[in-house]
Amino acid sequence: MRITPRFVLALIPLLLLAAAGCQTASKKKKPVAAAPVQVVPPPAPAPPPEPVVQQPPAPPPPPPPAPQPDPAEKIVAQSEAAYQAGAEAYRSGHLERAKREFDRAVDLLLMALDNVRSDQRLEAQLEKLVDQIHGLEVVALKEGDGFTERRTVPAPVDEIAELTFPSDPKLKEKVEREVKDVVSDLPLVVNDYVLGYVNYFTSRGKGTMENGLRRAGRYRDLIFRVFKEEGVPQDLIHLAQAESAFQPAALSRAGARGMWQFMASRGREYDLNVSWWADDRQDPEKATRAAARHLKDLYAMFGDWYLAMAAYNSGPATVERAIERTGYADFWELYQRNVLPRETRNYVPIILAATIVAKNPEKYGFDRVLPDPPILVETVRVSVPTDLRLVAETIDCSLDLIQGLNPSLLRIMTPRGDFDLKLPLGTKDRFLEGVARIPEDKRVFWRWHRVAAGESLQEIARKYKTTAAAISEVNTLPGPELQAGAKLVIPVTTARDGGASRVVRLRYRVRRGDTVERVANRFGVLPADVRKWNRISGDQLAPGRILVIQAAQSQPAGTPTIGKQAARKPAAKKQSASKSVKTKKLPASSPSGKTAPAGQTSAAKTTNSVTRTSTGGKQ
């Protein structure tokens with residue numbers, strides 16, 4: 001066999017594969033040592049699990065102790081709250097409530113300062129409140145009598161209009177018969193609603209009707225004159241019977257005032273101004289004119305006097321909505337459909353019933369009621385604050401009469417600026433002559449006194465807590481002898497027993513060199529009183545000691561004497577001795593500083609015109 005190169009090349013891979021196989025076989029034949037056998041024992045059985053004991057959750061950590069309220073901070077907050085309540089009452093016109101709250105605000109601080117160690121925060125709050133309260137009162141002290149407001153009386157409409165009364169079948173025929181003969185410029189309808197109130201006025205409400213018929217005599221001529229001038233039905237006078245029983249000082253629960261029961265906002269629309277010292281809603285003539293104009297405007301709006309009266313009670317918007325809801329511009333339709341407030345539904349029947357009774361009072365059991373006569377007045381314009389007690393003493397009449405002639409005055413003073421003061425007819429000249437002897441800036445404090453038989457100058461001085469020398473000087477008396485019946489001008493510098501000027505409680509810091517007698521003389525009080533108020537037995541005083549002094553307001557303006565509030569204001573720590581509390585003497589002085597004899601002081605600014613009108617008298 002011939003071996004060729006191609007054959008050799010083909011044989012090489014086979015030879016290589018055979019060689020690899022031989023090596024693998026030789027490796028498989030190599031002996032391997034056997035591993036030793038290890039015997040593992042079976043596992044021991046596991047112990048039973050121990051029972052799990054539930055542990056109660058750990059209590060939460062106690063909260064940090066609440067911070068204890070700071071006593072001083074708490075008192076300051078309480079005092080501030082009382083002041084804010086007083087300020088709100090002040091703005092709302094509830095002046096007695098304002099005074100109580102202001103007193104409480106200051107008392108909280110004073111009690112704290114008396115019972116605990118002095119705290120600057122308390123003192124700062126006291127200073128702040130006294131200044132704020134004084135700011136509210138200071139103008140009133142210039143022009144009026146502070147927080148002392150005249151009393152009001154409840155408005156009858158509050159009681160009547162919320163109730164309905166059954167009609168008496170026996171009364172219906174009588175009323176219908178008598179209405180036929182009544183002449184009225186107001187349409188009179190007789191139905192069960194009206195008859196119910198006729199029944200009321202002749203039974204349960206007879207007293208209210210009697211009082212109204214009596215008081216109407218004071219204002220009837222005035223009201224008829226104003227209504228005629230304004231062009232409204234005269235019989236709308238009986239709206240005042242329903243509203244107030246002709247009481248100028250009537251006040252409703254809603255805050256409406258006066259004979260015609262105006263709210264303050266509505267009154268301002270008709271020029272009835274309200275201030276601290278006077279309220280035109282209580283002025284008979286001004287309020288009557290405003291009522292006539294308002295009723296006339298409402299009639300122009302609705303074209304019906306019944307709807308006008310309903311709108312007078314509840315406001316025109318209420319009546320307009322009722323008409324829009326029903327489509328009826330008729331009061332009795334609105335009544336039956338119950339779309340008006342209860343008080344308004346009853347309001348018109350009340351006025352109609354009052355009109356029916358007042359047209360024939362004797363036929364309804366009022367034959368013994370005599371109307372009060374109208375009181376003719378003279379009007380004098382005064383331009384400086386004047387105490388009404390001084391006015392009454394000047395013309396020898398009662399304070400009640402002066403207040404009754406001027407019911408718009410809320411306090412016992414006339415306000416600053418021009419005020420038309422009404423006096424009884426025939427007393428104008430006497431008033432002008434007498435008031436001319438009182439300096440203009442003293443007409444809030446000075447008084448007149450009529451000498452009683454056997455009365456001495458010293459006795460009069462003690463009564464008014466002034467001096468015999470001051471009385472003698474002002475009246476240019478030739479000697480100490482007095483004639484019974486003579487009238488003296490009394491230059492009051494402190495409060496008299498009757499409360500001629502404001503008694504205030506002051507806190508006075510004793511200065512170096514002060515004695516009980518000196519302090520007493522400074523404030524015009526008795527040394528014995530100073531000792532009693534402060535439990536002092538001797539006459540010596542330690543500088544810096546605080547004394548309580550019950551003195552009197554003696555300056556018409558700027559004196560911080562708001563009852564106990566400003567009076568108890570503590571002196572500032574850095575205040576100099578020269579700024580301690582003082583009371584200014586009030587002699588009649590000329591511009592040169594010398595005392596002027598009586599009769600040479602300037603008279604009050606007045607007008608010489610005398611207005612004779614028929615208006616109200618004593619309320």
Side-chain angles (χ1 to χ4, degrees), residues 156-217 220 223-224 227 232-246 295 299 302-310 312-313 322 326 328-371:
V157 71
D158 278 345
E159 176 187 358
I160 304 172
E162 290 295 331
L163 304 174
T164 55
F165 303 93
S167 62
D168 185 350
K170 299 179 181 178
L171 190 62
K172 184 175 183 179
E173 183 179 350
K174 174 184 176 181
V175 172
E176 289 177 339
R177 183 175 60 251
E178 291 173 353
V179 165
K180 292 179 181 179
D181 299 328
V182 167
V183 177
S184 175
D185 54 4
L186 190 68
L188 298 180
V189 171
V190 178
N191 55 30
D192 287 344
Y193 312 123
V194 175
L195 289 171
Y197 283 103
V198 173
N199 186 27
Y200 168 79
F201 283 129
T202 55
S203 55
R204 175 179 168 183
K206 189 171 184 177
T208 300
M209 192 70 194
E210 284 180 346
N211 291 333
L213 291 173
R214 176 176 53 81
R215 279 191 292 262
R220 181 180 289 113
I223 294 172
F224 284 166
F227 278 13
V232 299
Q234 300 279 285
D235 283 334
L236 285 174
I237 185 177
H238 303 293
L239 187 148
Q241 167 70 53
E243 290 278 12
S244 66
F246 296 96
L295 285 164
Y299 180 77
F302 296 105
D304 180 272
W305 282 115
Y306 289 179
L307 292 176
M309 287 188 286
Y312 187 94
N313 174 259
T326 63
Y328 286 95
D330 179 84
F331 173 78
W332 300 111
E333 282 287 344
L334 301 180
Y335 187 110
Q336 294 174 356
R337 293 171 182 271
N338 198 26
V339 290
L340 292 173
R342 176 191 293 271
E343 179 182 328
T344 305
R345 295 203 310 274
N346 294 338
Y347 186 74
V348 173
I350 290 171
I351 296 170
L352 296 179
T355 303
I356 291 170
V357 173
K359 285 288 185 178
N360 291 299
E362 66 282 353
K363 294 183 178 180
Y364 293 94
F366 298 99
D367 49 312
R368 296 185 180 182
V369 178
L370 297 177

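Because only heavy atoms are used, hydrogens play no part in the values below, and waters and symmetry mates are left out as well, while side chains stay in.
Closest approach of D235 to T355, counting heavy atoms only: O-OG1, 4.1 Å. Contact record, V194 with A353: O-CB, 3.8 Å, taken as the closest heavy-atom pair. In terms of heavy-atom proximity, P349 sits nearest to Y335 at CG-CE1, 4.3 Å. Looking at every heavy atom in both residues, L340 comes nearest to R345 through O-NH1, 2.9 Å. Nearest heavy-atom pair, W305 versus L186, reported as atom, atom and distance to 0.1 Å: CB-CD1, 3.9 Å. Among all heavy-atom pairs drawn from T208 and P156, the shortest one is CG2-CB, 4.1 Å.
F246 places none of its side-chain heavy atoms less than 4.5 Å from the side chain of R214. The shortest side-chain heavy-atom distance between N191 and W332 falls under the 4.5 Å cut-off. The side-chain heavy atoms of L239 and L295, taken from C-beta on, include a pair separated by under 4.5 Å. The closest side-chain heavy-atom distance from I356 to E178 is not below 4.5 Å. Counting only heavy atoms from C-beta outward, the side chains of V232 and Y299 never approach each other to under 4.5 Å. In this structure, the side chains of N313 and V348 stay at 4.5 Å or more apart for every pair of heavy atoms. In this structure, E333 and T326 have side chains that are not in contact, with every pair of non-hydrogen atoms separated by 4.5 Å or more.
You'll find the ring centres of F201 and Y364 outside the 6.0 Å limit.
The environment of R177 atom CZ is dense: over 12 non-hydrogen atoms of other residues, nucleotides or ligands sit within 6.0 angstrom. Summarising the local packing, CD of E362 is surrounded by more than 12 heavy atoms from other residues, nucleotides or ligands at distances under 6.0 Å. Counting non-hydrogen atoms of other residues, nucleotides and ligands closer than 6.0 Å to NZ of K172 gives a total of 12 or fewer.
Of the possible polar contacts, none joining the Y347 side chain to the Y312 backbone as a donor-acceptor pair under 3.5 Å is found. The closest donor-acceptor contact from the side chain of N211 to the backbone of G207 lies under 3.5 Å.
Note that NZ of K174 is 11.5 Å distant from CG of L195, once rounded to the nearest 0.5 Å. To the nearest 0.5 angstrom, E210 atom CD is 10.5 Å from R368 atom CZ. Atom OG1 of T202 is separated from atom NZ of K363 by 15.0 Å, given to the nearest 0.5 angstrom. Within the model, atoms CE of M209 and OH of Y197 stand 14.5 Å from one another, a figure rounded to the nearest 0.5 Å. Taking CD of E176 as the reference point, atom CG of L171 lies at 10.0 Å (rounded to 0.5 Å). One distance of note links CZ of F224 with CD1 of I237; it measures 4.0 Å at 0.5 Å rounding.
Checked against R342 for a side-chain contact (heavy atoms from CB on, under 4.5 Å), the options N338, T344, N346 give a single hit: N346.
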